[in-house]
Every structure is written in C-alpha cells, then in structure tokens.
Amino acid sequence: MSKSKKQRSWIPTEKCDRVSSLPDSIICHILSFLPTKDTVATSILSKRWNPLWLSVFTLDFTEHTLAPICRRVRSVMLSRDNTLPIRSFRLKCCVVSYNEPNNVARLIIAAIQRQTETLELSMYFYPLDMKLASKIFTCRTLTVLKLNNLTIVDKIPQITNNTISRLKTLHLDCVHFMTRTLIIDFLFSFPILEELRVNNDLFIIEETLVNHPFNLTYNNAVPIKADKIKCLPNLVTAKLYDSEPIPLFLLSSAVSLSIKMTWTHYVQVPIFYNLTQMELFSNLAGKSWPKKWTWMLEMLQNSPKLQHLIIYEEIENRIDDDDDDIWEDPKIVPECLSSKLKTCLFKNYRGKKCELQFADYVMRSSKVLTKMTIHCVCSTDINAKYQMLQKLSLCLRGCKLIFE
C-alpha cells in the first residue's frame, strides 16, 4: 500500500460522518424507515444522536409475540413528548394469545391519542375475539388504515356528525368478519373513504344474515334495485381480490375499479356513473362459469363513462370448458363503446371463440377506440399466433391493433 493510501486510511471517522452533519429533520426522516428498536439503538452512537429517535414520526414495532411489543411501546411512549404527533404507527405480531386482545386495543388507543395519521395492524395468528378500539372509527386525525389477518367481531359504534371519521384509505388483507352485515357497517363507518383495497378474501365466520338491506342470496332472492342502496359517495379507487362479500353497489361512485373474480355465479351489477378505468381479472382456476362474458358485457353496459378497459384471463390450472355457444350481442350498444372507450387491453388471450367474439364486438362497436392491445399466452406457438392475428385483423374498425 502506498504512503498516501495509508495516510487516507487513518483519517478520523468523525470527519467522514456526513450523516451527523445533516439537519435533525432529515436524520429523523431517514430513521423513520427503520424498525423502532433499531431507531432507539442509534441513541448510543454519540451525544448528537442520543435524543434524535424521540422525534421520529414513524413507529414500527415487530415481534414474534405480543408481550415484548407491549413493553417496548410503553417505554417509547413514556420517553416521547406526548404532544409530538405520530404520522405512522405499525404493529406486526406473529402470535397473539386468546387473553391478549385488550392489550392490542390499548396499544391502538395509545397511538390514536397521539394524533396518528396512518395505522397498520398485522396479526399473523389472530384470536377470534380480537376487537378494534372504537376510537378508530371516530379518530379525527387517522386517514390511512391497513389491517392484515385480523378478526373483527365487535359492533361498529354509532357515528354522528361530531364523531365522523376522516379515513380516506382502507386496505384489508385476509380480514375475518363475524357476518356480512358487519362488513357493510364497517365500510359505512368511513363515509369519506376514497381508496379501498382488498388484497385477499374477506372471510365470513357466520354466514347467516338476518334483516339487513344487503340480504342478497345468489340463488333465489330478488336483487335490490341499485338506486335504493347507499354507496360510498367519495370513493375514487377500489381494488378487490374477490368482491362477493362486498356488494358492488357500495362501489358505484368509483372512478377506477379493479376486480379479481373468483366466484362462479352471478353478482349483481350497479350503474357506475363515474367509472373511467376498469380491470377485470378472471381467476376461475379449476372452476367454470359459462355466463362470464355476458356478465362482462353487463359491466360495460353499466359503465357509461368508461375510457380504459383491461381484461385479464387467468390460465393456470384452468378448466377449458366449451363456452363457445353462449355469446350473444346485446340489443343495445353500451354507451361507453359508442362514445367513450379509448383503449382496451386483453391479456392471456388464447384465441377461443368467445374471446374472439368479445374482442370483435369491442372493436366493431367502439366509435372512439384508438388502441386495441392483445397479449396472447406465452405458450402459444408461432402458427397459432399467426392464425389469431389473421382473425383479429378482420375485426379492425379504424383503431390500432397491437398483437404480442
């Protein structure tokens, strides 16, 4: 090693510590990306770092069991200034015993009392008697709520004009509800909700539903008219893995809608007056639903302002049922096709007769369609692709066809 390199290697480390020279606000922002226990650990670095963790606006607690989290949260809360707000509070725990749900509620209350804006709860082993703190539904600062692997059993508190929730974003992942009624009441407790995401199925513990306006059974009940059912009026974006437990009427104000269908029966379609973008993921692996394309057409008929459409066909473990003889053009062309639809994307196209008829109908009926994109399945050989392209080319009516 040269003499100059040796000299550089002996430069004191404190002179190279550019992070410590940053303003407190920037250091606290950097620390907000770390788990809270790591943030606290930075206090031993130097006197400069010692108090900084107390001003971090994000608290993130992750442990295998709940007891260590409770101790750590209490310690942090007691050390912090009570008037200092918490922008984000994350709580992740793998195991929660049956006698600990009240401790979870206390942690939620402690966070909410400090003006939390984002609350994330994830319990990988959930007790059936887990209860959310009622203050979640009346908190004036909470705008984002993310729940994962929880069971909600408690009744939703009565909401008044003085206690209306300010929640705008709600994410649910593998959340259990005691009844379908509770799902509806839960969603209606957030009247200004703008974004709803259901990443996995919502599970119903008790399937019996009694005396509720959403008492829709799929076999013999007469569906309730859409104009008699309330919706989430401020909803902008809705993304559902499986919408069956959530009536689509609740989402009728959405501007952007994404649905991953896993059901094999009819689900009533409301009129989406504001919808401009729609994604339909057909995930019927191992199942069949011969009226699927008819239902998709109904979605188009009830979306008068739709501009962008994506159809995604799942192919793994799929039953190749012959649904080629059930296609019928609707008597009335959907309004979105005659005046609004600009782009259409069809993924996992296999060239089946119904798929061709659907693509043909969209291109033939759309007056302002500028681009039709077809992505065929990866396993399709070159000759089959050529035949698909020939058939699709005959359907062109002025729009650009992209075939991949």
Side-chain angles (χ1 to χ4, degrees), residues 226 236-240 243 248 251-261 266-283 289-315 323-377 380 385-404:
V236 176
T237 302
K239 187 174 183 179
L240 308 181
S243 67
L248 293 182
L251 316 178
S252 58
S253 293
V255 176
S256 175
L257 179 63
S258 177
I259 300 177
K260 193 167 187 177
M261 302 180 297
Y266 177 81
V267 175
Q268 192 180 5
V269 179
I271 297 178
F272 297 98
Y273 291 101
N274 303 319
L275 196 64
T276 61
Q277 178 168 322
M278 178 166 59
E279 295 178 309
L280 297 176
F281 294 77
S282 178
N283 185 24
W289 181 22
K291 295 294 184 182
K292 177 187 66 179
W293 294 104
T294 304
W295 186 85
M296 288 184 178
L297 278 175
E298 185 177 358
M299 289 290 288
L300 292 180
Q301 289 171 326
N302 288 10
S303 306
K305 295 183 180 180
L306 189 67
Q307 298 180 27
H308 306 285
L309 172 65
I310 296 176
I311 301 291
Y312 189 102
E313 282 282 274
E314 281 288 353
I315 59 173
D323 57 358
D324 291 346
D325 59 346
I326 56 92
W327 177 273
E328 289 184 11
D329 283 4
K331 296 179 180 178
I332 300 176
V333 176
E335 183 178 345
C336 65
L337 296 185
S338 60
S339 62
K340 298 294 182 181
L341 191 68
K342 297 179 181 178
T343 66
C344 181
L345 170 60
F346 198 127
K347 293 186 177 182
N348 275 351
Y349 181 84
R350 293 176 296 163
K352 292 186 64 179
K353 185 176 179 180
C354 269
E355 293 175 342
L356 176 63
Q357 288 174 321
F358 183 84
D360 172 53
Y361 180 77
V362 170
M363 288 188 283
R364 175 165 35 90
S365 304
S366 298
K367 305 301 181 184
V368 296
L369 186 69
T370 58
K371 183 170 66 173
M372 182 73 173
T373 304
I374 304 290
H375 290 175
C376 62
V377 295
T380 307
K385 287 183 179 180
Y386 179 71
Q387 293 178 5
M388 291 179 191
L389 179 58
Q390 279 189 318
K391 293 178 180 178
L392 288 167
S393 299
L394 298 175
C395 308
L396 285 176
R397 297 294 188 275
C399 68
K400 181 181 180 181
L401 173 63
I402 300 176
F403 184 80
E404 300 175 349

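Computed from a predicted model, the values in this text were never measured in an experiment. Hydrogens, waters and symmetry mates play no part in the numbers below; they use all other heavy atoms, side chains included.
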Might you work through the side-chain contact (heavy atoms from CB on, under 4.5 Å) test for Y361 and L356, ending with a clear yes or no? CA-CA 8 Å; Y361 180 77; L356 176 63; over 6 Å; no
Partners of I310 by side chain to side chain contact (heavy atoms under 4.5 Å, CB included), sequence neighbours excluded? E279, L345
Please report the interatomic distance OG(S365) to CD1(I332), rounded to the nearest 0.5 Å. 12.5 Å
Closest non-hydrogen atoms of L369 and C344, given as atom of the first, atom of the second and distance, are CD1-N, 4.0 Å
Side chains of L309 and L300: does their closest heavy-atom pair fall under 4.5 Å? yes
Tell me every residue that passes side chain to side chain contact (heavy atoms under 4.5 Å, CB included) with E298, counting only those two or more places apart in sequence or in another chain. Y266, V269, W295, Q301, N302
How far apart are the closest heavy atoms of L257 and M299, and which atoms are they? CD2-CE, 4.1 Å
Can you name the nearest heavy-atom pair linking L341 to V368, along with the distance? O-CG2, 3.2 Å
Flag the pair K292 and E313 as a salt bridge only when some basic side-chain nitrogen lies within less than 4.0 angstrom of an acidic carboxylate oxygen. yes
Ring centroid separation for Y349 and F346, is it under 6.0 angstrom? yes
Is a donor on one side and an acceptor on the other found under 3.5 Å between the side chain of S339 and the backbone of C336? no
Below 4.5 Å, heavy atoms only, C-beta onward: do M278 and L280 meet side chain to side chain? yes
Are any of the side-chain heavy atoms of L251 and L240 separated by less than 4.5 Å? yes
Sorted by chain and number, sequence neighbours left out, side chain to side chain contact (heavy atoms under 4.5 Å, CB included) with V236 holds for E194, V255
I need the single residue from Q307, H308, K371, Q277 that forms a side chain to side chain donor-acceptor pair (under 3.5 Å) with T343. Which is it? H308
Compare every heavy atom of E335 with every heavy atom of P304, then report the nearest pair and how far apart it is. CB-OE1, 3.5 Å
Rounded at 0.5 Å granularity, tell me how far CG in L297 sits from CG in L337. 8.5 Å
Set of side chain to side chain contact (heavy atoms under 4.5 Å, CB included) partners for Y273, sequence neighbours left out: I271
With the side chain counted from C-beta on, respond yes when K347 and I311 share a heavy-atom pair under 4.5 Å apart, and no when they do not. no
Does any part of the side chain of H375, heavy atoms only, come nearer than 4.5 Å to the side chain of I402, both counted from C-beta? no
Would you compute the distance between atom CZ of R364 and atom OG of S366 and round it to the nearest 0.5 angstrom? 10.0 Å
According to ring-ring contact (aromatic ring centres under 6.0 Å, His included), who are the partners of F272, at least two apart in sequence or on a separate chain? none
Please list, chain by chain and in numerical order, all residues satisfying salt bridge (Lys or Arg N to Asp or Glu O under 4.0 Å) with E355, sequence neighbours excluded. R350
Using the side-chain contact (heavy atoms from CB on, under 4.5 Å) rule, take Y312 and S282 through it: C-alpha gap first, then chi angles, then the decisive distance, then the call. CA-CA 6 Å; Y312 189 102; S282 178; over 6 Å; no
